[in-house]
K.L.:
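One structure coming up, written as structure tokens, with questions to follow.
For ligands, and for the atoms within them, numbers begin at 1 and follow the listed sequence.
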Amino acid sequence: MPKINKYVDIDTVERESKKDYIDRHSPFIHCAESAKSGEMFSVTVKMGEEYTHPDDFDHYIANMALYNGDTLLARADFVAGALGNIKAHATVTFNIIPTSKKLNLVAQSYCTKHGVWESTPVEVTVED
Ligand SMILES: [Fe+2]
């Protein structure tokens with residue numbers, strides 16, 4: 001089992017290099033607070049808010065996945081160089097159709113050098 005690194009608020013972290021390390025490896029969920037049952041709902045997952053991650057052949061973000069609780073909804077895989085071999089925010093927009101009363105969204109990402117990272121959960125209410 002890989003270790004799962006969970007996001008911690010970087011405002012609570014002293015060292016600049018550690019802020020950079022945590023932020024660039026953390027997936028952040030961007031979506032509306034509520035969705036409509038049975039209708040397409042877009043959820044964007046973006047790596048890092050302030051700091052960008054490398055896209056080198058031996059060190060890159062290999063995948064980003066979206067979960068509803070423990071259930072995998074979707075996953076996107078990247079190959080090295082997809083982001084031009086430059087530092088960038090890997091970003092994926094997932095389009096899902098919710099049918100339950102609420103979504104408990106969690107994103108995970110995988111860095112080829114620094115392992116699995118998990119976002120802060122985001123709750124979305126689903127209206128009929
Ligand atoms: Fe990394």
K.L.:
Assess whether side chain to side chain contact (heavy atoms under 4.5 Å, CB included) is satisfied between F78 and V92, documenting all intermediate values.
P.N.:
CA-CA 10 Å; F78 287 88; V92 175; 3.7 Å; yes

K.L.:
Is the number of heavy atoms from other residues, nucleotides or ligands within 6.0 Å of CD (E127) greater than 12?
P.N.:
yes

K.L.:
Tell me whether T91 contacts the main-chain N or O of T44 through its side chain, where contact means a donor paired with an acceptor under 3.5 Å.
P.N.:
no

K.L.:
W117 and ring-ring contact (aromatic ring centres under 6.0 Å, His included): which single residue from Y21, Y7, F28 fits?
P.N.:
Y21

K.L.:
Would you please name every residue forming a ring-ring contact (aromatic ring centres under 6.0 Å, His included) with H59, sequence neighbours left out?
P.N.:
H53, H114

K.L.:
Please check: side-chain N/O of D23 versus main-chain N/O of Y51, any donor-acceptor pairing under 3.5 Å?
P.N.:
yes

K.L.:
Which residues and atoms, protein N, O or S only, are under 2.8 Å from the Fe ion (ligand 1)?
P.N.:
H25 NE2, H53 NE2, H59 NE2, C111 SG, H114 ND1

